[in-house]
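Okay, so here's the structure we're looking at.
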Amino acid sequence: MNKLKLDRRTVATARRLAAAAGRPVVDLARSHTTVSVERATLRLAGITGADPDGIPWVNRLVDTVVEQVGLGGGVAGPVFDALQRDGHQDLTLLAQKAAAGSVTFRAETPAAAKRAAARAVKTGLAQVDRRRRERDRLIKRYGDPKQRPWIYLIVATGDIHEDIPQAQAAARAGADVIAVIRSTGQSLLDYVPEGATREGFAGTYATQENFRLMRAALDDTSKEVGRYVRLTNYASGLCMPEIAALAGLERLDMMLNDSMYGILFRDINPIRTFVDQRFSRQVHARAGIIINTGEDNYLTTADAVDAAHTVTVSQLLNEYFAHEAGLEDWQLGLGHAFEINPELPESFRLELAHALLARELFPDAPLKWMPPTKHMTGDVFRGNLLDGFFNLAGALTGQGILLVGMMTEAVVTPWLSDRDIALQNVRYVLSAAGNLHEDFTPGAFIRDRAHTVLGEAVTLLRQIGRQGLLDAIGEGTFGIMRRPADRGKGLDGVAAREPGYFNPAIEILDGPSWTQS
Amino acid sequence: MNKLKLDRRTVATARRLAAAAGRPVVDLARSHTTVSVERATLRLAGITGADPDGIPWVNRLVDTVVEQVGLGGGVAGPVFDALQRDGHQDLTLLAQKAAAGSVTFRAETPAAAKRAAARAVKTGLAQVDRRRRERDRLIKRYGDPKQRPWIYLIVATGDIHEDIPQAQAAARAGADVIAVIRSTGQSLLDYVPEGATREGFAGTYATQENFRLMRAALDDTSKEVGRYVRLTNYASGLCMPEIAALAGLERLDMMLNDSMYGILFRDINPIRTFVDQRFSRQVHARAGIIINTGEDNYLTTADAVDAAHTVTVSQLLNEYFAHEAGLEDWQLGLGHAFEINPELPESFRLELAHALLARELFPDAPLKWMPPTKHMTGDVFRGNLLDGFFNLAGALTGQGILLVGMMTEAVVTPWLSDRDIALQNVRYVLSAAGNLHEDFTPGAFIRDRAHTVLGEAVTLLRQIGRQGLLDAIGEGTFGIMRRPADRGKGLDGVAAREPGYFNPAIEILDGPSWTQS
Amino acid sequence: MDTVMSAAVIRPYGDTTGDGMVQVSFTLPLAADKRGEGAALQLAGKMGIDPAMVVHARPIGAQHTFFVVYGRVNHLVEPGKVVVAERDYPLLSAKEVNAAIRARLRRKLVVVGACIGTDAHTVGIDAILNVKGIAGEKGLEYYRECRVVNLGAQVAVAALVEHARAEKADAVLVSQVVTQRDAHLTNTREMSAAFREAFPAAKRPLLVVGGPRFDELQTADLGVDRIFGRGTTPREVASYLIHAVGAR
Amino acid sequence: MDTVMSAAVIRPYGDTTGDGMVQVSFTLPLAADKRGEGAALQLAGKMGIDPAMVVHARPIGAQHTFFVVYGRVNHLVEPGKVVVAERDYPLLSAKEVNAAIRARLRRKLVVVGACIGTDAHTVGIDAILNVKGIAGEKGLEYYRECRVVNLGAQVAVAALVEHARAEKADAVLVSQVVTQRDAHLTNTREMSAAFREAFPAAKRPLLVVGGPRFDELQTADLGVDRIFGRGTTPREVASYLIHAVGAR
Ligand code: B12
Ligand code: B12
Ligand SMILES: Cc1ncc(COP(=O)(O)O)c(C=O)c1O
Ligand SMILES: Cc1ncc(COP(=O)(O)O)c(C=O)c1O
């Protein structure tokens, strides 16, 4: 598609600048580790369960190791060393002992312990690989959605047992992807809750058991509807690496995973975020999971016209970081959103320009197109209309994943009936006007706007190249949020990798690229 | 505009065939008269008022004349003869006497009486001309709407005193044209009710006083909003000629006036309709009134895809009849509608094909684009969405007059809030996407569909040419309603014009075209 | 008509069982200020919504305001106490209807249909009567053992009575679509009164009325034998007719 | 807070004064059949809608049905009995606020703001506090005589109390946007209880809470001094603060 007649040279320049801006951050990620990266490694190595207060054993274990020998050498070595010395083969038991104060960890790890650690992690990754093959098989059996964009619906009751029937109802009514929205506050928890949960606020906790329950329910529904229904959750917040690992183990299909969201919107420390980010993406790459990036969020705090180019810049950065972590283009659900003030003259054509720019910049990525939220009001009648025009823009510009907007956006988390009304809306638009793109040939207004945004993005990338990405973030470049590199939550969970740093998961994931078997 | 690449020769053929099919009907109209044509003539000559039962004096007078001397010679002669013989100068008084049985009418009319009749009618037409100049002045003063399409809203409370504030509110909120919907049943009344009325069902009676009150109120509002707000009513039903005359006298700006609606949807006799039709259109031509034809109605009883070509045929016939009656292109609000089943795949693109066909066939006519009604349901959320796509289709295809759809179409006559929601909808679509036509270049699907419909229209016109329009109507060609020429209401009010037929209004209106002074 | 017995009590469902959530909209003849919002909350309260949230308030002119309210309604719905016009006759196929007419009447069943009063909406009655039918079902004209006389729109009650008499109608089917100012109710009552006056009870044709806004339980009030609402299909009507005419 | 006296009694307005027409929608956990519609009518009846028309019924899965109901509500709205949180202080310009602070406090007015609990919606509180402001009005940071400490999102109540003490806050401004499971109410109550415990009554900073779904009349219940709802502007807040702090 080249409806915008973008200049190939400018596009290449933009990519080059994004890589230059991202590279130092990748170096940072490669030279640090975090408690969550280490916990994720142990989770892949097989640790499970939580103490009676609900704190996972993996947290108790890693905390003890860090206390005793520090974080910078990696945790897997000391843990498997202790395990071997102890004679035990069970990480969870070891964690319980460690929590009771009866284990002493050592900084130096013998080769045998390292081998044992590597074996354990490989077992976990093999499970991730099996899950991926299982997905491929089920997709072959039940089929992919017939149409693009895929229809993506959220459930957000806070209670996994209300979520499940609602998700199934949505899938039966046409949803291709179900996202279980996460409880407020989970992103700032430095542990992953355990078990099936029923007490989230405006979302349900992301737990391994909830993942499992929902995936199983949607497998049933996939069979019923003859279409593989995908499941999404959030690899975001302080536990991003661990949740990525759990998602791989439980065959989730997509994950919200953005390079900067946690920094900007959860005030998580930038370095913590970038380190966690890289690991989580490597796991997603391996698991065949499609990531959804979070550029849409910027437009809830910044103006969608003024800040349009910051979305483009972020998409280019997300793309660079994703490729670097091993994700392929088909896994890049780069985000953007229909958030221009509807009172602005030509707002719809401006949306088309922005959406088409993303489409043509990333032709092979299944872009994730987010509905209006900021300018939705309690006027639910108008709301449903706006959502219809959002759906139309999605169809006209060939978006890959359509997050379905709800008329009650400004009122409540979606009701059962809201989803039904919203799905009807999508179905009408796609059926009635889904092919209107054949009759859509952007004129000067749309083309000029797209060129302007791309130009502004290049200028901003140059600027970021000069000052460094961390400083740019510190100065409020994205979403008007200022986030200095030495502030924010979770910084105490970060350490520079020490010379002998050992992490078998990273060794494998950083290693020569494995092929999907 | 030539986005469809219509074949000019086919278009010319279609017009030629329509003229051929219409000509015999015009001959019929020129050789007959009806009680309503005669009453309209007397109304132009100055008769007003009603008897204590609410029956207008003009009805009482015409009935008496017809009883005594028949209809075929025209009524104005006998009436002005009697008036002169009586020494009176007041038609209303004469009517009262005639009703009391104390006037004898003669068939032959002396020249002096004819001159008096012509003078009186000229006075009435002069008033119509004054009204037209007044409109021109007010438009110059207050201005025309800034945008196309003009926004057309209905009020339908049944009570002129509720209608007025609602119409004013609508105009303030952005309506360019207010239509006062008529009470059910009025079209079959063979008289025009008198005075201000408050008891209509699902519409308000069309009376001269109601016209006056509403026009005056909208003149106030025009001044207030700095935009001339147009007023519409119905010149339709058994009293079409009289209502046309009253509309001219009271400066209405548009009138619903279709060549076949009364036949098809009110079972009014075809000949009665065509005769009344021609007179009413001559009056509209003189009054500078824009007519709105009723093709949209066919699609409520016939399928909008199957019968698309019947709309085209009817538009061509309406155009022919209108030109023949002296209307100019800018006065032709030819009707069509967004009535394709929204469940039909590609329904929106089919709508675009149909709407664009009308646009390109009648480039100088202010097409009147009607909203979805038939497929509206009690789901008001979906309803508002459909109306939004209707508005978009209107903008994409350059319609002239947009009748604003209401989300409650399937529920109630419009509420105050429905109009407000509907206006917001229109405003959003026009502001956000009003210029999207710049980016709209119909592809093969839309072009092919338009060509198919035009082809089918030509075929049908040929067929009508062979069998005659009256027979075609008799066989259910339009709206699947079968209406034979010798049946239907109001036939007893029709007479062939006799050799000495005298009607000063028709003489003037048929005469060499007057120019607007 | 019957009443169902069922123990359960239910509430509206927003996104959690029992949450009782509903949406309401209305216009009040008040300005769009805090007082107006307070009045909207008052009304919501009287409707049983508590807590109620005014989520949208939009002035329409200076004297009216449109409100959208969301909230939890505290009424309990008792499905066990719901009274509905249940189908108290078997739903037959066209073939079965024809056979039943032959068996029970030994002649054709005569149906006279019309839109009465000033109502000109014939699509509904045509859907029931004309061959074309609706929703994939053919109309009564298609039934070999029915004789259908469809008088069309805007038929005066007196004329309808005359036709019914002349055709020896077994049943008279009347459609009413316009409901503003309760036109449908007024017209139906006028119609049923006229038939009762014109015919002795035993000879009176069955009176059936239909249209999208009728309450199917209002038969006694309107003086008709049966009411059909939104989405009626011809088969339901045919099955009812042979059931009711046969029972006479 | 005050009560208005007004004789009139009004009704909702559809298209005619006094018609009482309203629109309602809800989902019931019932199948989409006549019984379901009957239950919808029953609920409408309990809400005071009579006559009620079910104009739309759509199954959502096998066990739920969405209904749209129109009808006439028979409640009367008494604007005279409406109680609203009226502004009981003068609305000042930024200049006037600054002057009043100088005059009454002779030092800067200290405001500490935050989103508490797990709520991370800062746009609302930022609109009130940041220079940027909202609806063309600048936020409190812009007021020369205000010292604003905006703690941002997801602040724990204990941390908020500590900051308020450390900054010697005259007023604490808390935002709560997430309302699911009454999160906003729970968090606000926790916050006000903590402040009451931590400060003697005379020293306690003014407690102000805001967000789009609060009921402005609920101050006593929530233990705060003032509640601001949907569409609040910074000037209103600033005017209130100097009025209330000044009055202490
Ligand atoms: C088509 C239509 C028209 C066509 C009618 C063509 C025709 N020959 O029938 C035309 C364009 C002529 C028309 C004109 C008007 N219409 Co009209 N029209 C409609 C529309 C769009 C669809 C109605 C329809 O055909 N439904 C499809 C049929 C199949 O459904 P149905 O009627 O409900 O019938 C089913 C059941 O109810 C039942 N049923 C119905 N009758 C009977 C009878 C029996 C015996 C039985 C057993 C069952 C039965 O079975 C049927 C099949 O399931 C509605 C809006 C809407 N979307 O509903 C407005 C609507 C009905 N019209 C309306 C109005 C006001 C008018 C006008 C009066 C406007 C005006 N003042 O000019 C005019 C004049 C009409 C008149 N004098 O009555 C209003 C009525 C408002 C109200 N509630 O009072 C509506 C609701 C639109 C609106 N919101 O304003 N209309
Ligand atoms: C922007 C936004 C976000 C942004 C927030 C960015 C940021 N830094 O604030 C992002 C994308 C991060 C976000 C995330 C989420 N959001 Co959010 N979000 C919104 C959205 C679209 C707009 C809110 C907004 O900014 N309004 C504009 C401001 C100016 O209005 P306001 O907050 O009402 O403030 C005004 C008044 O209320 C008052 N006021 C407010 N606070 C205060 C305080 C004081 C002291 C005073 C005096 C006045 C005052 O003055 C302000 C100016 O007039 C709403 C939907 C909508 N259209 O309303 C959803 C919404 C609020 N979000 C919601 C949810 C559920 C979430 C998530 C929890 C979803 C999830 N599980 O992932 C997450 C997590 C957030 C969390 N942990 O809290 C729900 C809340 C549902 C409910 N009623 O409980 C909403 C309603 C969307 C929905 N329907 O689901 N969200
Ligand atoms: C990338 C990403 N992560 C996470 C979230 C959700 O926020 P929270 O951090 O509260 O889970 C979002 C918001 O939609 C997001 O875009
Ligand atoms: C041309 C025309 N006349 C009249 C009407 C109104 O019908 P009635 O005959 O009931 O006034 C319509 C319907 O919209 C119409 O299109």
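Just so we're on the same page: letters track the sequence lines, and every chain starts at 1.
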Next item on the list: Verify, without hydrogens or angle tests, whether A/Asn269 (side chain) and A/Arg487 (backbone) share a donor-acceptor contact under 3.5 angstrom.
Entry: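 Such a contact is found between A/Asn269 side chain and A/Arg487 backbone.
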
I'd like to verify something: which residue of [options] has the highest number of heavy-atom pairs under 4.5 Å with chain D?
options: A/Gly378, A/Gly203, A/Ser417; answer: A/Ser417
options: A/Asp267, A/Leu188, A/Thr300, A/Val412; answer: A/Leu188
options: A/Ala169, A/Ala170, A/Ala202; answer: A/Ala202

Under 4.5 Å from any heavy atom of chain D - which part of [X]:
X: A/Gln424; answer: side chain
X: A/Lys489; answer: side chain
X: A/Asp159; answer: both
X: A/Thr413; answer: side chain

Next item on the list: Please look at D/Arg230 and chain A and tell me whether the side chain, the backbone, both or neither of the residue comes under 4.5 angstrom of a heavy atom of that chain.
Entry: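 Neither the backbone nor the side chain of D/Arg230 comes within 4.5 Å of chain A.
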
Next item on the list: Measure distances from D/Ala183 to the heavy atoms of chain A and classify the residue's part below 4.5 Å as side chain, backbone, both or neither.
Entry: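 Both parts, heavy atoms under 4.5 Å.
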
Check: Run the side-chain contact (heavy atoms from CB on, under 4.5 Å) check on D/Val155 and D/Val174 step by step: do they pass?
Finding: CA-CA 10 Å; D/Val155 176; D/Val174 161; over 6 Å; no

Notebook entry, point to check: Is D/Glu216 salt-bridged to D/Arg226, cutoff N-O under 4.0 Å?
Noted result: no

Checklist line | Check ion pair D/Arg58-A/Asp420 (N to O, under 4.0 angstrom) | finding: yes

Margin query: For A/Thr221 and A/Gln168, which I'm curious about, is there any donor-acceptor pair between the side chains at under 3.5 Å?
Written below: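 A donor-acceptor contact under 3.5 Å links the two side chains.
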
Note to self: Apply side-chain contact (heavy atoms from CB on, under 4.5 Å) to residues A/Tyr205 and A/Leu189 and explain how you reach the verdict.
What the structure shows: CA-CA 11 Å; A/Tyr205 286 101; A/Leu189 297 181; 4.2 Å; yes

Next item on the list: For this output row, return yes or no: ring centroids of D/His56 and D/Phe67 closer than 6.0 angstrom.
Entry: no

